[in-house]
*Asks:* 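Let me begin by handing over the structure; questions about it come next.
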Amino acid sequence: MDHAQKPRVRFAPSPTGYLHVGGARTALFNWLFARHEGGTMLLRIEDTDTERNRPELVEGILAGLRWLGIEWDEGPYFQSQRLPLYQAAADRLLASDAAFSCYCKPASYTGEGPAMKAAGEEAGKQEGEGDDEGPKTKRNIPCPCRHLSPAERAAREREGIPRAIRFRVPEGGVTRFEDAVFGPREVQNAEIEDFVLLRSNGLPTYQLSVVADDIDMRITHVIRGADHLSNTPKQVLLYAALGAEPPIFAHVPLILGPDRTRLSKRHGATSVSSYAEEGLLPEAFRNFLALLGWSPGGDSEYLRTRELIEKFSLAGVSRTNAVFDRPKLEWFNTQYLQKPSVEELLPYVEAELKRVGMWEGSQASAEPAWFARAVDLIRPRTRFLSDFTTWARAFFTDDFDYEQAAREKFWKEDRLPELLAKLAEALAALPDWNHDACDAALRALAGAEGVKAGLLINATRVAIVGRAVAPPLFETMVILGKDRVVARLKRALPSITSR
RNA sequence: GGCCCGGUGGUGCAGUGGUUAGCACGGUGGCCUUUCAAGCCGCAAACACGGGUUCAAUUCCCGUCCGGGCUACCA
């Protein structure tokens with residue numbers, strides 16, 4: 001039955017930090033794939049490292065996914081609540097001699113402490129700890145416990161030495177698998193060390209828990225960052241030892257900072273939540289992220305989510321690391337601020353107005369139709385949601401001020417107070433309040449006074465919205481209404497004089 | 001250090017054993033225009049380098065360089 005073959009994928013973050021853009025992109029690819037294939041997406045929290053795990057961060061990760069609009073069909077599952085499964089898997093491996101007990105002190109049998117290269121430290125992850133004393137070379141010295149006799153093992157058990165469980169990697173041969181992105185892969189088993197499955201505290205390591213869970217949850221496609229590519233052979237070995245068929249692996253390229261090094265804090269905002277706070281539209285962020293390491297082919301890059309889902313395929317995933325390009329992200333945001341229907345945008349603008357306390361009791365909240373017209377008028381000039389409450393503030397509240405640069409640019413002319421006072425009078429006398437009437441009244445005044453219409457237009461704009469950059473004047477006047485325009489014109493006079 | 005992956009304008013992606021090497025962002029010039037955007041039109045800008053293989057390499061192979069990943073009782 002093919003309905004039984006529907007793909008099952010998962011996003012499996014570890015709560016050691018917030019949801020960062022790399023994780024978000026991985027989640028997005030899984031989600032797009034699942035939706036495209038009509039499959040199932042699960043969420044699994046990989047919290048088996050009690051040292052680094054911060055339970056309180058889980059909510060933030062979920063919030064980030066929700067903001068992005070990535071919904072999961074199952075979960076979240078917590079590995080910390082599934083420990084018996086891993087224990088059982090370890091027991092089976094021990095029983096079949098595919099694993100063995102190790103009594104070494106952590107890392108004591110290898111060459112030495114961290115012999116990592118300078119570049120490896122950069123991620124700024126944890127404390128550098130060990131100093132540059134240790135040997136620069138580190139060989140994969142096999143763990144001596146691999147060959148312990150039953151008697152020796154029993155002796156150690158009697159002594160109560162803590163033990164970890166390690167996988168017994170086959171002596172020779174090669175391990176192969178096919179990666180949907182990187183193609184056929186082949187690794188000499190001799191290159192793989194006897195990795196730890198179960199720590200001495202009884203908790204599983206990533207290698208064990210990820211495989212045990214992916215088997216148990218019937219995951220068909222493992223779509224994850226390419227940083228996991230090198231460890232995949234270990235997992236393939238585990239699948240075999242556990243008698244399970246491995247899933248299809250698809251490793252997606254990493255996201256780098258502008259300097260082509262791993263994206264990190266010093267490259268600026270890397271958490272999804274910071275983009276939410278900044279006033280980006282989730283769909284814009286999704287569109288941007290989708291194109292990092294994936295190409296739909298074709299010329300257009302502005303792809304609504306439904307199109308992304310339609311077009312997504314693992315075949316289009318690139319093997320080259322991608323650089324996070326902030327300017328392009330902003331471009332996408334302006335696209336999503338301007339192209340979709342106003343109705344789609346309204347909820348976001350409403351939320352933004354509420355966020356800064358400009359919603360309650362406003363015309364925007366009282367008159368939905370007016371609100372829609374105002375947003376439609378303002379949005380062509382916005383780049384962020386926050387623009388609605390910053391430069392477009394005067395559309396929603398009388399409490400605004402005059403931008404200094406605007407005053408200097410358009411309030412130079414000495415006659416302005418006099419002219420604007422006359423304009424206020426003329427406008428107040430208008431029987432009908434519409435674009436053409438306002439336009440005619442202003443131009444008539446300009447003609448009569450012998451000044452260019454532009455002078456009045458620009459000065460008036462600053463007077464009624466406080467900004468040099470704003471929507472076309474007469475449309476703005478119509479939205480604001482006669483009373484407000486006249487009042488604001490009069491209110492501005494003293495400020496112009498005192499310029 | 002060892003093992004592995006990658007390398008097309010500044011950036012994200014297309015693409016091909018023979019192409020005027022395509023699109024988008026950004027940059028730049030112009031049009032439009034009451035401001036500023038948007039929009040439209042144009043311009044500059046790339047196959048990392050060195051060897052091969054081949055009639056022909058951006059494309060296939062090797063090396064170098066550069067970048068990245070893994071090499072944890074982290075994920």
Side-chain angles (χ1 to χ4, degrees), chain A residues 12-16 46-49 51-53 102 104-107 110-111 114-117 119-120 125-126 135-140 162-166 182 185 187-188 190-193 195-201 203-207 209-210 224-233 251 253-254 256 258-262 288 291-302 316 318-332 334-335 338 379-383 391 406 409-410 439 442 452-458 460-462 467-474:
Chain A
S14 143
T16 52
E46 312 223 315
D47 54 353
T48 57
D49 184 347
E51 298 293 298
R52 291 157 217 270
N53 184 24
C102 167
C104 298
K105 278 197 159 60
T110 55
M116 345 216 79
K117 278 274 54 220
K125 283 295 182 192
Q126 295 304 121
K136 289 293 186 261
T137 46
K138 173 181 159 189
R139 291 199 177 69
N140 288 335
R163 63 150 204 193
I165 308 297
R166 282 179 186 278
F182 286 86
R185 308 277 308 177
V187 176
Q188 296 294 323
E191 299 289 342
I192 308 173
E193 63 178 347
F195 53 97
V196 172
L197 260 18
L198 224 47
R199 303 174 168 94
S200 49
N201 65 7
L203 294 173
T205 61
Y206 170 71
Q207 310 291 168
S209 60
V210 74
R224 73 215 326 182
D227 49 340
H228 288 292
L229 193 55
S230 299
N231 280 323
T232 304
H251 289 91
L254 270 19
L256 311 178
D259 59 357
R260 292 205 154 274
T261 62
R262 202 187 221 293
F288 169 71
L291 264 26
L292 245 32
W294 172 70
S295 169
D299 286 351
S300 183
E301 298 204 315
Y302 171 78
S318 156
R319 283 171 291 284
T320 314
N321 289 166
V323 172
F324 189 87
D325 187 21
R326 170 76 198 200
K328 193 156 189 175
L329 169 59
E330 291 186 14
W331 177 79
F332 272 113
T334 64
Q335 296 299 303
Q338 289 159 31
R379 66 170 176 157
R381 262 148 280 256
T382 54
R383 286 185 82 73
W391 73 253
K409 188 173 180 187
F410 294 125
D439 188 321
L442 183 142
K452 291 174 67 176
L455 174 72
L456 295 184
I457 288 171
N458 290 325
T460 301
R461 178 183 296 106
V462 179
R467 297 276 163 160
V469 177
L473 182 65
F474 303 117

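Note on naming: letters A, B, ... go to the chains in the order of the sequence lines (proteins, then strands), and numbering restarts at 1 for each one.
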*Asks:* Which whole number of Å gives the distance between the C1' atom of B:G69 and that of B:C23?
*Replies:* 30 Å
*Asks:* Less than 4.0 Å between a side-chain N and a carboxylate O, is that true for A:R262 and A:D227?
*Replies:* yes
*Asks:* Given the C1' atoms of B:G22 and B:A45, what is the spacing between them in whole Å?
*Replies:* 14 Å
*Asks:* Where the side chain of A:R185 is concerned, which of B:C70, B:G67, B:C4 is the nearest nucleotide?
*Replies:* B:C4
*Asks:* Looking at every strand, decide which applies to A:T48 at a 4.0 Å heavy-atom threshold: base, sugar-phosphate, or nothing.
*Replies:* sugar-phosphate
*Asks:* Which listed nucleotide (B:C73, B:G6, B:G12) is nearest to the side chain of A:E301?
*Replies:* B:G12
*Asks:* Report the distance from atom OH of A:Y206 to atom C1' of B:A72, rounded to the nearest whole Å.
*Replies:* 14 Å
*Asks:* On RNA chain B, does the nearest nucleotide to A:D49 precede the nearest nucleotide to A:S300 from the 5' side, or the other way round? Give the residue.
*Replies:* A:S300
*Asks:* Please report the interatomic distance CG(A:L455) to CD1(A:I457), rounded to the nearest 0.5 Å.
*Replies:* 9.5 Å
*Asks:* Whether A:K328 and A:E301 form a salt bridge (side-chain N of Lys/Arg under 4.0 Å from carboxylate O of Asp/Glu) is what I want to check.
*Replies:* yes
*Asks:* So A:T205, base contact, sugar-phosphate only, or nothing? Heavy-atom distance under 4.0 Å.
*Replies:* sugar-phosphate
*Asks:* What is the separation between atom CD on A:E46 and atom P on B:A72, rounded to the nearest whole Å?
*Replies:* 19 Å
*Asks:* Just verifying a value: how many Å separate A:L229 CG and A:R319 CZ, rounded to the nearest 0.5 Å?
*Replies:* 11.5 Å
*Asks:* Output the rounded distance in Å from CZ (A:R199) to P (B:C73).
*Replies:* 9 Å
*Asks:* Round to a whole Å and report the spacing from CZ of A:R260 to P of B:A48.
*Replies:* 12 Å
*Asks:* Indicate for each nucleotide in nucleotides 32-38 of chain B, in 5' to 3' sequence, whether protein heavy atoms under 4.0 Å reach the base (B), only the sugar-phosphate (S), or nothing (-).
*Replies:* --BBBBS
*Asks:* Checking all strands, does A:G316 fall into the base, sugar-phosphate, or nothing category for heavy-atom contacts under 4.0 angstrom?
*Replies:* sugar-phosphate
*Asks:* Checking all strands, does A:Q188 fall into the base, sugar-phosphate, or nothing category for heavy-atom contacts under 4.0 angstrom?
*Replies:* nothing
*Asks:* Nearest to the side chain of A:A322, which nucleotide is it out of B:A75, B:G6, B:C13?
*Replies:* B:C13
*Asks:* With rounding to the closest Å, how many angstrom separate the P atoms on B:A44 and B:A38?
*Replies:* 22 Å
*Asks:* Look at the side chain of A:D325 and decide which nucleotide, out of B:U11, B:A75, B:C5, has an atom nearest to it.
*Replies:* B:U11
*Asks:* Roughly how far apart are A:F182 CZ and A:T232 OG1, rounded to 0.5 Å?
*Replies:* 10.5 Å
*Asks:* Whole-Å distance between B:C5 P and A:R319 CZ?
*Replies:* 12 Å
*Asks:* How far does OG of A:S14 sit from CG of A:D47, to the nearest 0.5 angstrom?
*Replies:* 8.0 Å
*Asks:* Within this structure, what is the CG-to-P distance between A:L256 and B:C5, rounded to whole angstrom?
*Replies:* 18 Å
*Asks:* Does the B:C73 base have a donor-acceptor partner in the side chain of A:S200 within less than 3.5 Å?
*Replies:* yes
*Asks:* Can you tell me, in whole Å, how much space there is between the P of B:C74 and that of B:G27?
*Replies:* 47 Å
*Asks:* For the C1' atoms, the ones on B:U28 and on B:U16, what distance do you get once it is rounded to whole angstrom?
*Replies:* 30 Å
*Asks:* Closest heavy-atom contact between A:P258 and A:V323?
*Replies:* CA-CG1, 3.6 Å
*Asks:* Once you apply a heavy-atom cut-off of 4.0 Å, does A:H228 come out as touching a base, just sugar-phosphate, or nothing?
*Replies:* base
*Asks:* Could you report the tightest heavy-atom contact between A:T382 and A:Q338, atom names first, then the distance?
*Replies:* O-NE2, 3.4 Å
*Asks:* Go ahead and write out RNA chain B as dot-bracket, 5' to 3': ( ) for pairs within the strand, [ ] for ones crossing earlier pairs, | when the partner sits on another strand, dots for unpaired; Watson-Crick or G-U wobble, both distances under 3.5 Å.
*Replies:* (((((((..((((....[...)))).(((((.......)))))....(((((..]....))))))))))))....
*Asks:* Please classify the nucleic acid contact of A:N321 as base, sugar-phosphate, or nothing, using heavy-atom distances under 4.0 Å.
*Replies:* sugar-phosphate
*Asks:* Please classify the nucleic acid contact of A:S295 as base, sugar-phosphate, or nothing, using heavy-atom distances under 4.0 Å.
*Replies:* sugar-phosphate
*Asks:* B:G12, B:G68, B:G7: which one has an atom nearest the side-chain heavy atoms of A:T320?
*Replies:* B:G7
*Asks:* Please report the distance, rounded to the nearest Å, between CD in A:E191 and C1' in B:C5.
*Replies:* 15 Å
*Asks:* With rounding to whole Å, what would you report as the distance between B:G50 and B:U59 at their P atoms?
*Replies:* 12 Å
*Asks:* How many angstroms lie between atom OG1 of A:T16 and atom CD of A:E46, to the nearest 0.5 angstrom?
*Replies:* 11.0 Å
*Asks:* For nucleotides B:G51 and B:A57, find the distance between their P atoms and express it as a whole number of Å.
*Replies:* 12 Å
*Asks:* In Å and rounded to the nearest 0.5 Å, what is the CD to CZ distance from A:Q335 to A:F288?
*Replies:* 14.0 Å
*Asks:* Round to the nearest Å and state the distance from A:K328 atom NZ to B:C13 atom C1'.
*Replies:* 7 Å
*Asks:* Looking at the side chain of A:R262, which of B:C73, B:G12, B:C70 is the nearest nucleotide?
*Replies:* B:C70
*Asks:* Is the distance between the ring centroids of A:Y206 and A:F195 under 6.0 Å?
*Replies:* no
*Asks:* When the P atoms of B:G63 and B:C4 are considered, how many whole Å apart are they?
*Replies:* 11 Å
*Asks:* Which heavy-atom pair separates A:P233 from A:I192 by the least distance, and what is that distance?
*Replies:* CB-CD1, 3.9 Å
